[in-house]
Q: 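Dumping the structure here so I can ask a few things about it.
Proteins get letters first, then strands, A, B, ... in listed order; numbering begins at 1 in each. As the structure is a computational prediction, the values presented were derived from the model and not from experiment.
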Amino acid sequence: MTAFSYTHLLRHIQACAKHRTIFPGKKLHAHIVKSGAEQCGAFPNTLIDLYAKCGLVRCARKVFDKIPQRDHVSWASILSAYNQSMLPNRTLGLFPDMYTVDHLLPDEFVLATLVKACASLGNVRLGKQVHGRFIVSKFNEDYVVKSSLVDMYSKCELIGDARVVFESVLLKNYVCWTAMISGYARNGKIDEATKLLRRMPLKNLFSWTALISGVVQSGCNVDAMRLFVEMRREEGIRIEDPFVLSSAVAASANLAALELGKQVHCFVIVLGYVASLFVGNALVDMYAKCSDILAARSVFDSIWIKDVVSWTSIIVGVAQHGQAEEALSMFDEMLSKGLKPNEVTFVGLIYACSHAGLVAKGRELFNSMIEDYHIMPSLQHYTCFLDLLSRSGLLTDAYEVVKTMPFEPDEPTWAALLSASKLHKKTQLAIKMANHLLSIKPQDPSSYILISNTYAAAGMWDEVSKVRKMMATMAVRKEPGYSWVNLGKESQTFYAGEIPNHLKQPVLMLIEELIVEMKKRGYVPDTSSVLHDLDNQEKEQQLFQHSERLAVAYGLLKSISGTTIRIVKNLRICGDCHTFLTLVGRITHREIIVRDSTRYHHFKDGSCSCGGFW
DNA sequence: CTAGGGTTAG
């Protein structure tokens, strides 16, 4: 083999790896084997890289195993191949052979690869060991390893350690800055992240994307949108890839802000990224969360090659809109396309069954998840499953599951069981659940209302006043409940018990009128049992404390007859408000859509799509 | 051959 053809072939393989195309690469490999040059020069290591980049890690390993004299590059290539194939366990498992079999110590390339593996596993213990080896090695000022350490520590929520490493880098490049900014943002330290970005000498799209996506992941969606706007105005920042757009769409989704989401969608079209899978998936979710399920369907249909996330997004969207049967048939369709559901898919499916009262189907899915797909159910899966059983009145079964499941039940678990016990008038069981809920110190004030109502229904007034005293002495509520109403482009926010002055008169008058109409139809507010020793005026005052009531009244005043009122709420909607909104829907013949912190409620023709209570 | 940014539940 001539020198020319060696270099030529090598370049060719490198090009294939760069473009992740295996077809010519494999032919080149066969050619090299045939000419007996398999172990010549950089061929084996380059081939490992090619197979790794094409997702054929087993082929990479075969090449690796055949090398008679493996060097540092061979090791770095195979270890990074496992990282690229999302098998960080294999990376760490194979590494000891580097010394025990080949008598080689890790170089800076191998160290960086190991740190990355620890980061994706969230294994700080091992990560610190690698850090120790790095410090005593002769590469201990390597900035690439340091960047990976910054990322590792921040992924393990040791943001202080990340900062120490970050500060120790003498010449920080933008990768290092980005790792640190992303770490702060994902750990909820938005101010620190923003401060760091402003201090960064050469901001680019990567650093902005890291900041914005981290802020979205911390749940601060308004801040994220502000930063997105600021980035667009920032000089020299051009959106050259769709990464930041999927975060912007996700932020609009989390805000359930349809108009905002549509604007971002337009922006996506203008920039030419409609074909991006990540953006498409985010758009499906955004339209579903904004309760425009038809738009969600149409974006979903337009995705050329759909993945699990696309299917899960539309299935969860459809399910949350009360169309359980449709969600289940889409699941079958997904399976027929050869796609494997993940843990999120099952959460959506079991919720769908729960709302539609499909107990047998829900059980079947829960078991199939474990047996056919080897997905270990999380606490959330158990909560969905318990919700399914208890809503259908199988409370004893549900309680059995709670006792046998491998998790400590949390607040939502007991709250779900308590609501169901109340619904099915199992007072004794309800009291038991209320005690459990009290014993884990609920953070959510609505739990106290639920507990208090349970005792009230059983006539246990001593217990009621005890709970009320606990409520009164409880530390300041972190955040008051609030709702906002969307009427086309207009939106108005209402904090519980706080009405903007110019709206006070008309809104309160309308609520009073509605309550009079409801009482004629036998409406007894749930809250009045909590407040049994208050006078009537105080009870009435309590009725105006609910932000969704204020929002719906405002919506009724503003909207033309027959139009849909969309309300978004930051807390779970309580049983009494549920009854209230059902009746408002019936009296006014409007469709009211409420999204609370967990699900949708479509109030139409006197019933709710969510399947009943809450 | 090594390091940083994206979507779905809660």
Q: With a 4.5 Å cut-off on side-chain heavy atoms, are A:Leu365 and A:Leu328 touching?
A: yes
Q: Among the nucleotides B:dT7, B:dG5, B:dC1, which one has an atom lying closest to any side-chain atom of A:Val309?
A: B:dT7
Q: So if I take every side-chain heavy atom of A:Gln380 and compare against B:dG6, B:dG5, B:dA9, which nucleotide ends up nearest?
A: B:dA9
Q: Just by distance, with hydrogens left out, do A:Thr345 and A:Thr312 show a side-chain donor and acceptor under 3.5 Å apart?
A: yes
Q: Please enumerate all residues that pass side-chain contact (heavy atoms from CB on, under 4.5 Å) together with A:Ala224, with sequence neighbours excluded.
A: A:Ile212, A:Val215, A:Val216, A:Ala251
Q: Mind calculating the distance between CG (A:Asn45) and P (B:dT2) to the nearest angstrom?
A: 11 Å
Q: In whole angstrom, give the distance that lies between atom NZ of A:Lys306 and atom C1' of B:dT8.
A: 16 Å
Q: With stacking defined as ring centroids separated by under 5.5 Å and planes differing by under 30°, is A:Trp177 stacked against B:dG4?
A: no
Q: With a 4.0 Å cut-off on heavy atoms, is A:Asp49 in touch with a base, just the backbone sugar-phosphate, or nothing at all?
A: sugar-phosphate
Q: Below the 4.0 Å mark, does B:dT8 have OP1 or OP2 next to a side-chain nitrogen or oxygen of A:Lys289?
A: no
Q: Please determine whether a side-chain nitrogen or oxygen atom of A:Ser213 lies at a distance below 4.0 Å from atom OP1 or OP2 of B:dG6.
A: yes
Q: Determine the contact category for A:Thr312: base if any of its heavy atoms lies under 4.0 Å from a base atom, sugar-phosphate if only primed atoms, P, OP1 or OP2 are that close, otherwise nothing.
A: base
Q: Does A:Arg70 reach a base, just sugar-phosphate, or nothing at all? Heavy atoms under 4.0 Å.
A: nothing
Q: Please give, in whole Å, the distance from B:dT8 P to A:Asn281 CG?
A: 9 Å
Q: Look at all strands and tell whether A:Asn342 reaches a base, only sugar-phosphate, or nothing, counting heavy atoms closer than 4.0 Å.
A: base
Q: Indicate, with a heavy-atom threshold strictly under 4.0 Å, whether A:Ser74 touches base, sugar-phosphate, or nothing.
A: nothing
Q: Assess A:Arg163 against A:Tyr153: is NZ or CZ under 6.0 Å from the centre of the six-membered ring, and within 45 degrees of the ring's axis?
A: no
Q: Mind running a 4.0 Å heavy-atom check of residues 135-148 of chain A against DNA chain B and sending the residues that fall below it, in number order?
A: A:Tyr143, A:Val144, A:Ser147, A:Ser148
Q: Under a 3.5 Å threshold, yes or no: a donor from one side chain and an acceptor from the other, between A:Ser182 and A:Arg186?
A: yes
Q: Is A:Lys172 near enough to B:dG4 that one of its side-chain N or O atoms lies under 4.0 angstrom from OP1 or OP2?
A: no
Q: Any luck finding a side-chain donor-acceptor pair between A:Asp285 and A:Ser313 under 3.5 Å?
A: no
Q: Measure CG/A:Asn83 against P/B:dA3 and give the value in whole Å, please.
A: 7 Å
Q: So, A:Arg297 and A:Tyr287: side-chain donor and acceptor under 3.5 Å apart, yes or no?
A: no
Q: Would you mind classifying the nucleic acid contact of A:Ser77 as base, sugar-phosphate or nothing, using non-hydrogen atoms under 4.0 angstrom?
A: sugar-phosphate
Q: Select base, sugar-phosphate, or nothing to describe what A:Ala210 touches, counting heavy atoms under 4.0 Å on all strands.
A: sugar-phosphate
Q: Does the side-chain ring of A:Phe109 lie flat on the base of B:dC1, meaning centres under 5.5 Å and planes less than 30 degrees apart?
A: yes
Q: Any luck finding a side-chain donor-acceptor pair between A:Asn83 and A:Thr113 under 3.5 Å?
A: no
Q: When you check the phosphate oxygens OP1 and OP2 of B:dG6, does a side-chain N or O of A:Gln217 lie under 4.0 Å from one of them?
A: yes
Q: Could you work out which one of B:dC1, B:dG6, B:dG10 sits closest to the side chain of A:Val73?
A: B:dC1
Q: May I have the distance from A:Phe166 (atom CZ) to B:dG4 (atom P), rounded to whole angstrom?
A: 15 Å
Q: For the side chain of A:Ala76, counting heavy atoms from C-beta on, which of B:dC1, B:dT7, B:dT2 is nearest?
A: B:dC1
Q: With ring pair (Phe, Tyr, Trp, His ring centres under 6.0 Å) as the test, pick out the partner of A:Phe346 among A:Tyr351, A:Tyr373, A:Phe385.
A: A:Tyr373
Q: Does A:Asp241 make a side-chain donor-acceptor contact with the base of B:dG6, cut-off 3.5 Å?
A: no
Q: Rounded to whole Å, please give me the gap between CG in A:Asn254 and P in B:dG10.
A: 11 Å
Q: How would you label the contact of A:Asp107 with the nucleic acid (heavy atoms, under 4.0 Å): base, sugar-phosphate, or nothing?
A: nothing
Q: Listed by chain and number, what are the side-chain contact (heavy atoms from CB on, under 4.5 Å) partners of A:Ser310, not counting sequence neighbours?
A: A:Leu277, A:Asn281, A:Phe300, A:Ile303, A:Lys306, A:Asp307
Q: Any idea which of B:dT2, B:dA9, B:dG4 is nearest the A:Asp285 side chain?
A: B:dA9
Q: What's the closest nucleotide to the side chain of A:Asp151 if the choices are B:dG6, B:dG4, B:dC1?
A: B:dG4
Q: Compare the minimum distances between each of B:dG5, B:dT7, B:dG4 and the side chain of A:Ser246, then state the nucleotide with the smallest one.
A: B:dT7
Q: Report the distance from atom CZ of A:Arg238 to atom P of B:dG5, rounded to the nearest whole Å.
A: 23 Å
Q: Over how many whole Å does the gap from A:Ile67 atom CD1 to B:dC1 atom C1' extend?
A: 11 Å
Q: Is there a donor and acceptor pair, one atom on the side chain of A:Thr209 and one on the base of B:dG4, closer than 3.5 Å?
A: no
